[in-house]
Amino acid sequence: MTKTRVRFAPSPTGFLHIGGLRTALYNYLFARHTGGDCILRIEDTDQNREVEGAAQNLIDTLHYMGIDFDESPLKPGKHGPYIQSERLDLYHKYANYLLDAGHAYYCFCSSETLQQMREEQQAKGEFVKYDRRCLNLSTAEIENNLAAGIPYVIRLRMPDDRIFAFEDEVRGHVEMNSFQSDDQVLIKSDGFPTYHLAAIIDDHFMKISHVIRGEEWLSSTPKHIWLYECFGWEPPIWVHLPLILNPDRSKLSKRMNDVSVESYLNKGYLKEALLNFVALLGWHPADDRELYSLDELCESFSLERVNKSGAVFDLTKLDWMNRHYLRTLPLEVIAERAASWFQPQDIVDQSRYHKIIAAARERSTLLPDLAEYARMFFASDPISDDNIEIVSSDDSRKVLAWFKEQIKDISAEDAEKILEITKTGIKELGIKGKAFYMPLRIALLGQPHGPDLPTIISILGVEESCRRIEHYL
RNA sequence: GACCCCUUCGUCUAUCGGUAAGGACUCAAGAUUUUCAUUCUUGCAAGAGGGGUUCGAUUCCCCUAGGGGUCGCCA
């Protein structure tokens, strides 16, 4: 079998979104799993929608996520260029071939004409498609129009009544009648190709073996197959992925959701969680395993286990996964990624900062939660009246005074000693554990919840601990 | 509207004709814990409907319904 080659081919019209990430990921996983190549191709054929800097942003985000390509605009291979706007000559060459072979024709209809035509068809309840009024233009007419500089497009001439059948790796046998397929525009009036022409030509010359893309492309596949036939090329294996859905089960969209990968990263989701989560949206291993690193995914992934039906993008499970990775990734990694949410002065003392992260990660979902949790160690937020009441009772003061005396000369790192002190404290003062810990926690942290005492003191240090206690004496 | 795709707990899913339909998230209850968080246990919760085929269907076929996608000089 020849080497598998797949591609992720986004158009630079905005940020990478969740659906794009999943498509890129599956392409990547399939390539890695089969020892093939994964290619990144930029499809910038729509001059109007192109967003400045979007291509670079896409590349950066993908790279950050750990999805790397064997060939890309930044890492050209033998089949470049990898940006479609740099391949215009190629598209024209093959458009001309189609024209000569009678598989394509010039169309001089203006957009107004087209719009009117569609409205009429719609009014009559007809299937809306190009009525081919330019199909039978004489050579002379075409020459004249061309000479007169009338804007034109080149359309593909679809067969009239033909069943296009193909085997889709995830959907199995699919059939569609060509009368549903419009005479697709191949070359636009600005001279740029449409997706349909450019992708087929590129996929062929880049030797793509599997086209792995979203289900929204399923219905245009007959056009693509026809194009392959016209050129006499071998089509790739088709793989149409189920869509990722909004909670209302419509196609995941910006309108309803935040869908850019960057926005999730900015909210403090970890790439490991995002990748793991998105991998499971449409693919599932044979067993019950749910936690996968990128490498493990590469090992386990297979097209056979890709699902057919769409999957709702559900934040609660993503949150759970993020909590998992927040707790299990190396501490230094979490500390580093969380740093931007902290005040610069708060992370100067790295050892202390790490202790704080260690305590906070057990109780957080997102990266910024870490900083929020850490406030108790830095800031002096106002204390609630209830808490002041608790901490200023006579009994509480007794605890505070006694405890301060006990710890003032010990090492903040001596957890065992601190534990021992608390035990004797409860015994000596003859009180319940709660009456012992509550006032201490309020005095030390400003509120009754938080890590265990040894951890608090280790973070605060003996001096600061005593100072905070004294405040309430 | 036409065509195509899809249909198991609220969500992600397992099941390759024979299961008490399993797991995970969420939620609830309980246990553990000085608090918070963790952890553990238990529980709630599903085969869209109707026909077939079969000794036996969630699984295969058909119909219906529902949902989605596509119908651009956007990808």
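Protein chains get the first letters and strands the later ones, always in sequence-line order, with residue 1 at the start of each. Predicted, not measured: the structure shown is a model, and the values here were computed from it.
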Inset, instruction - Using the P atom as the reference point in each nucleotide, state the distance between B:rA57 and B:rG50 in Å, no decimals. - result: 14 Å
Legend entry - Any strand: nucleotide that pairs with B:rG1 via Watson-Crick or wobble, under 3.5 Å: B:rC71
Inset, instruction - Provide the distance between the two P atoms, one in B:rA45 and one in B:rC9, to the nearest whole Å. - result: 14 Å
Inset, instruction - Please determine, for the side chain of A:Trp320, which listed nucleotide (B:rG72, B:rU26, B:rA14) has the closest atom? - result: B:rU26
Legend entry - C1'-based separation of B:rU8 from B:rC71 [nearest Å]: 32 Å
Inset, instruction - Kindly indicate whether the side chain of A:Arg171 and the base of B:rC5 share any N or O donor-acceptor pair separated by less than 3.5 Å? - result: no
Inset, instruction - Check every atom of B:rG69, B:rU26, B:rC73 against the side chain of A:Val185 and return the nucleotide holding the closest atom. - result: B:rC73
Inset, instruction - Taking atom C1' in both B:rU58 and B:rA14, compute the distance separating them and give it to the nearest angstrom. - result: 12 Å
Inset, instruction - Could you please name the option among B:rC5, B:rU35, B:rU70 that lies closest to any side-chain atom of A:Glu216? - result: B:rU70
Legend entry - Distance between C1' atoms of B:rC74 and B:rA65 (Å, rounded): 33 Å
Inset, instruction - Identify whether any heavy atom of A:Gly214 sits under 4.0 Å from a base atom; if not, whether one sits that close to sugar-phosphate; answer base, sugar-phosphate or nothing. - result: nothing
Legend entry - Separation of the P atoms in B:rU54 and B:rG49, to the nearest angstrom: 23 Å
Legend entry - Any A:Arg155 side-chain N or O less than 4.0 Å from OP1/OP2 of B:rG72: no
Inset, instruction - May I ask you to verify whether the side chain of A:Ser189 and the base of B:rC73 hold a donor-acceptor pair under 3.5 Å? - result: yes
Inset, instruction - Could you tell me whether the phosphate oxygens of B:rU70, OP1 or OP2, come under 4.0 Å of any side-chain nitrogen or oxygen in A:Lys251? - result: yes
Inset, instruction - Could you tell me whether A:Arg162 sits above the aromatic face of A:Phe164, with NZ or CZ closer than 6.0 angstrom to the six-membered ring centre and within 45 degrees of the axis? - result: yes
Legend entry - Minimum-distance nucleotide (side-chain atoms of A:Phe127 versus B:rU13, B:rG1, B:rC4): B:rG1
Legend entry - Spacing of the P atoms in B:rC16 and B:rU33 (rounded, Å): 43 Å
Inset, instruction - Using only side-chain N and O atoms of A:Arg249, determine if any of them is under 4.0 Å from OP1 or OP2 of B:rU11. - result: yes
Legend entry - Pairwise P distance for B:rU53 and B:rC61, with rounding to whole Å: 15 Å
Inset, instruction - Could you tell me whether A:Glu290 contacts a base, only the sugar-phosphate backbone, or nothing, with contacts defined as non-hydrogen atoms closer than 4.0 Å? - result: base
Legend entry - Listed nucleotide nearest any side-chain atom of A:Glu215, set B:rU11, B:rG68, B:rC74: B:rG68
Inset, instruction - Return the nearest nucleotide to the side chain of A:Ser309; candidates are B:rC74, B:rC4, B:rC6. - result: B:rC6
Legend entry - Atom pair NE2 (A:His224) and CD1 (A:Ile200), whose distance is rounded to the nearest 0.5 Å: 4.5 Å
Inset, instruction - Please check the phosphate of B:rC12 (OP1 and OP2 only) for any side-chain N or O of A:Asn307 closer than 4.0 Å. - result: no
Inset, instruction - Check whether any side-chain nitrogen or oxygen of A:Lys223 sits under 4.0 Å from OP1 or OP2 of B:rG72, and answer yes or no. - result: no
Legend entry - Watson-Crick or G-U counterpart of B:rA28, or none if no pair lies under 3.5 Å: B:rU42
Inset, instruction - Output yes when at least one side-chain N/O atom of A:Arg118 is less than 4.0 Å from OP1 or OP2 of B:rG72, else no. - result: yes
Inset, instruction - Compare the minimum distances between each of B:rC36, B:rA75, B:rG67 and the side chain of A:Thr194, then state the nucleotide with the smallest one. - result: B:rA75
Legend entry - Lys/Arg N to Asp/Glu carboxylate O, A:Arg171 vs A:Glu215, below 4.0 Å: yes
Legend entry - Under 3.5 Å donor-acceptor pair, A:Arg441 side-chain atoms to B:rU34 base atoms: yes
